[in-house]
2 protein chains.
Amino acid sequence: MNFRSNESAGLRYTCPQRGHCFCKSVLNISSNEFDGHAVKNLAFTAKQYLYRQGDMNHELFVLREGWVMLTRLSEDGKRQVFRSVLPGELLGFQQHLQGPAIYSAIALLDSAVCRVPNIVKTCSSQPEFGLSLASAEANDKMLTEKYLTNIIHRSARERIAFMVSELYHRLKRRHLNRGYTIQFPLKQEDIADTLGLTTIHVNRTLHALREDGLFEIHKHELTILDYDALCTLVGSEV
Amino acid sequence: MNFRSNESAGLRYTCPQRGHCFCKSVLNISSNEFDGHAVKNLAFTAKQYLYRQGDMNHELFVLREGWVMLTRLSEDGKRQVFRSVLPGELLGFQQHLQGPAIYSAIALLDSAVCRVPNIVKTCSSQPEFGLSLASAEANDKMLTEKYLTNIIHRSARERIAFMVSELYHRLKRRHLNRGYTIQFPLKQEDIADTLGLTTIHVNRTLHALREDGLFEIHKHELTILDYDALCTLVGSEV
DNA sequence: CTGAAAAATTAACCTGGATTATTTTTTTTA
DNA sequence: TAAAAAAAATAATCCAGGTTAATTTTTCAG
C-alpha cells in the first residue's frame, strides 16, 4: 500500500484495478472529480471495520487492494457471512442508501479503498454510472444465488470445493494468484458461516480434501494441488 | 386484465402499480416515450414462459399484474426456484444484458407486463433510471440473502413460515391481499425447490402448520389463521 | 363426463452433518 | 519469550430431514 506516499507527493494514484471491474466505467470518464475525492481516508488495517451493521449513512467504496468480508448478525446471535469483497469490487451499496447498513464490512487483510463521493449526483452527471451500479448489483445477486444453489443441492465437500474454486477464479481474473496459490485470510469459522456448516464439520471436510490431494490451506495461503479434480468436484457451474 | 381493450380503444393504460415500486421513477418522467412502447405484447397466460434460461436477448419487464416465478435448472437436473416476482416488480435484468438468460421466468397466473424498451438509451436520457435499476437489484439481492440466511439457520417449519410471511407482506404492501387471504399459485414442489427441502417434507410440515392453526392453503389460496403465532415463529427479521 | 396425468398425502427407514466435549496447535499480547 | 487467547483438530453420539415406496385426491384434456 504505497498510495499514501503518492498522495503526499501530490501525484495522482492510479488504481491497480483501473480498467477492470466496477471502476472502469466510472474512472474512464470523470477521473478528475473522482480522483479528487477518492484519495482520502483510504486505508484500513486487518480486522478493522469499514462500517458496521446498523451504521447510518455509511459510504460507498471500491476496494483497491486487500480483502473485505461482509457479515450479518441475526437477533438470535448467529452470524451469516455473505461474501468476500475482492479488489476491484464495489461495496456498501444498498437499496436505502441513507438507512442503516444491512451488514458489517470488515477488512481481513490490510486494505485500501477508494470512496465514491456522491452517488445521486454522479448518477445524474454521468449516465453510465447508474448502469454500472446496477450491473455490479446484478452480479452480486447472481453470486449470492450461486451460493444459495450450492448450499441447497450439494454436500459439505462440494460446497467447500465450490467456495474455494469461486474465490480462486475471482482472484485469478485480477491476476492476484501466484500459480495455484492465493492468499486466504478466511478462518474455518468464516467458511462455516458462509456455507451453513459447523466449524467442526468444515474442519473434518478440509482434512479429507487435503488427504485426497485437492487443496491445502496453510498459514493464510491456499494452494490448489489437483486443479482438475477440484473442477470435477465443483462441476461446470462456477 | 382489461388493458388490451384499453389499448384497442386507443386509451393509455394506467398501470395499477404506477406510484409504487420500480415504475415510479421511470414513469413519473418520460411517460410519453415509455407508454408508447409499453402497451404491446403484454399478456402471458398461466404456465407460459416469459423467457427461458439460455434465451438470448430476452427483454426487461415490469410486472403489472399476475405472478411470475424465476427458476433455474442445474446440469444435474435439479431445479432451483429463486423467487416469485409480484406486481410492480422488475424482471429480466442481469449483468450481461445481451448474454443468455440465467434463469427462466414462468407465469403462474395470467399476467400482464410492461416492456422496458431500451435500457442503455433510457439510462442516458434519464439519469434517475439507472439508480432505480440499481436499487431494484439491491433489493432483490437483499431478498436472496434473507432466504439464504433462513435456509442456513432455520428448521423446515421456520423456513416455510418465513416464506409465507415474506410473500404475504410483499403482496399486502400492494394491497393485493383480502384480509389474511392471498392468492397462492405455488405448488408444494415450488416451495420445496425454493427452500431446499423435499416435497415430502414440505407436505409433512404444511400439514403440521395447518394442524397448529397457523395458516392453510386451499385451492390456490393461502389464509393466515394466526398472524401473531406466524410472526413469532418467523422472528422479527422479515 | 371420463380417463389420465399431476399433485398431494402417508408410512418406514436411513444418513449427513449437528451437537457436545476435550485436546492440541497457533497466534497474539504483555 | 512466556502466558493467554484464539483457532484447529479429533472423537462419540444423535436427530432433522432425506430416501424409497405406495396410495389417494385433484386437475385437466378430450
Side-chain angles (χ1 to χ4, degrees), chain A residues 45-48 69 71 76-81 106-110 150-164 183-212 215-222 233, chain B residues 45-48 69 71 76-81 106 108-110 150-164 183-211 215-222 233:
Chain A
T45 57
K47 298 190 179 177
Q48 205 181 346
M69 183 173 74
T71 69
D76 60 1
K78 282 171 185 160
R79 188 183 72 148
Q80 173 68 36
V81 173
I106 185 171
L108 296 187
L109 299 174
D110 291 348
N150 264 277
I151 287 166
I152 281 183
H153 293 302
R154 318 194 72 190
S155 69
R157 191 183 171 86
E158 290 168 326
R159 288 185 215 183
I160 293 176
F162 163 76
M163 183 172 172
V164 165
Q183 272 194 293
F184 197 81
L186 298 173
K187 294 182 295 183
Q188 296 187 353
E189 195 182 347
D190 299 326
I191 300 176
D193 289 347
T194 304
L195 298 176
L197 300 165
T198 54
T199 312
I200 291 109
H201 200 61
V202 167
N203 185 285
R204 275 197 289 253
T205 310
L206 284 176
H207 185 86
L209 286 163
R210 192 195 310 128
E211 283 281 289
D212 296 348
F215 64 85
E216 63 184 5
I217 299 169
H218 186 61
K219 300 251 178 199
H220 310 296
E221 294 209 322
L222 184 151
L233 185 55
Chain B
T45 57
K47 298 191 180 175
Q48 204 182 347
M69 184 174 72
T71 69
D76 60 1
K78 282 171 186 160
R79 187 184 72 148
Q80 173 67 36
V81 173
I106 185 170
L108 297 187
L109 299 174
D110 290 349
N150 264 277
I151 287 166
I152 282 181
H153 292 301
R154 320 196 71 190
S155 69
R157 191 183 170 84
E158 290 167 327
R159 286 185 215 184
I160 293 176
F162 163 76
M163 184 172 171
V164 165
Q183 272 194 295
F184 197 81
L186 298 173
K187 294 183 295 182
Q188 294 186 357
E189 195 183 347
D190 299 326
I191 300 176
D193 289 347
T194 305
L195 297 175
L197 299 165
T198 54
T199 311
I200 290 113
H201 200 61
V202 166
N203 185 284
R204 277 198 287 251
T205 310
L206 283 177
H207 184 86
L209 286 162
R210 193 196 309 132
E211 283 281 289
F215 63 85
E216 63 184 4
I217 299 169
H218 186 62
K219 301 254 179 192
H220 310 297
E221 293 210 322
L222 185 151
L233 184 55

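Lettering follows sequence order; numbering is per chain, from 1.
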Shorter than 3.5 Å, N or O on both sides, protein versus nucleotides 25-30 of chain C: list them out with atom names.
| residue | atom | partner | partner atom | Å |
| --- | --- | --- | --- | --- |
| C/dT27 | OP2 | A/Lys219 | NZ | 3.4 |

Integer-rounded Å distance: C/dA7 P and B/Leu108 CG: 11 Å

Length of the NE2-P vector between A/His201 and C/dT19, whole Å: 12 Å

Flag for B/Arg204-B/His201: side-chain donor and acceptor within less than 3.5 Å: yes

Atom pair distance, as rounded to whole Å: CD1 in B/Ile191 and P in C/dA7: 13 Å

Distance (rounded to the nearest 0.5 Å) between B/Ile191 CD1 and B/Ile160 CD1: 6.0 Å

Contact summary for B/Thr194 and B/Ile151, nearest pair of heavy atoms: O-CD1, 3.6 Å

B/His207 side chain near C/dT10 phosphate (N/O to OP1/OP2, under 4.0 Å): yes

Test item: B/Leu233 and B/Phe162 side chains (from C-beta on) under 4.5 Å apart, heavy atoms: no

Student check: side-chain heavy atoms of A/His220 and A/Leu109 closer than 4.5 Å: no

Relative orientation of the end axes in the helix from C/dC1-D/dG30 to C/dA30-D/dT1, expressed as an angle to the nearest 10° (five pairs per end): 70°

Backbone of A/Arg154 reached by a side-chain donor or acceptor of A/Arg159 within 3.5 Å: yes

B/Asp110 side-chain N/O to B/Thr45 backbone N/O, donor-acceptor pair under 3.5 Å: no

Separation of atom CD1 in B/Ile160 from atom P in C/dA8, rounded to whole Å: 12 Å

Sugar-phosphate, base or nothing in reach of B/Leu197, heavy atoms under 4.0 Å: sugar-phosphate

Point-to-point distance, once rounded to the nearest 0.5 Å, from CG of A/Leu108 to NZ of A/Lys47: 10.0 Å

Residues A/Asp193, A/Lys187; criterion salt bridge (charged side-chain N to carboxylate O under 4.0 Å, His left out); working and verdict: CA-CA 10 Å; A/Asp193 289 347; A/Lys187 294 182 295 183; over 6 Å; no

Phosphate OP1/OP2 of C/dT9 contacted by B/Arg210 side-chain N/O (<4.0 Å): yes

More than 12 heavy atoms of other groups within 6.0 Å of A/Gln183 CD: no

Candidate list B/Thr199, B/Asn203, B/Thr198, test side chain to side chain donor-acceptor pair (under 3.5 Å), partner B/Gln188, passing option: B/Asn203

A/His153 to B/Gln80 - nearest heavy-atom pair and separation: NE2-OE1, 3.4 Å

Chain A contact limits on DNA chain D, taken 5' to 3' with a cut-off of 4.0 angstrom to heavy atoms: D/dA7 to D/dA12

Whole-Å gap separating P (C/dG16) and CD (A/Glu158): 12 Å

Pairwise 5' ranking along DNA chain C for A/Val202 and B/Thr199, keeping only the more 5' one: B/Thr199

Distance, rounded to the nearest Å, where A/Arg157 contributes CZ and C/dG16 contributes P: 13 Å

Sugar-phosphate, base or nothing in reach of B/Ser155, heavy atoms under 4.0 Å: sugar-phosphate

Nearest-angstrom distance from the residue atom CD1 of A/Ile200 to C1' of C/dT22: 11 Å

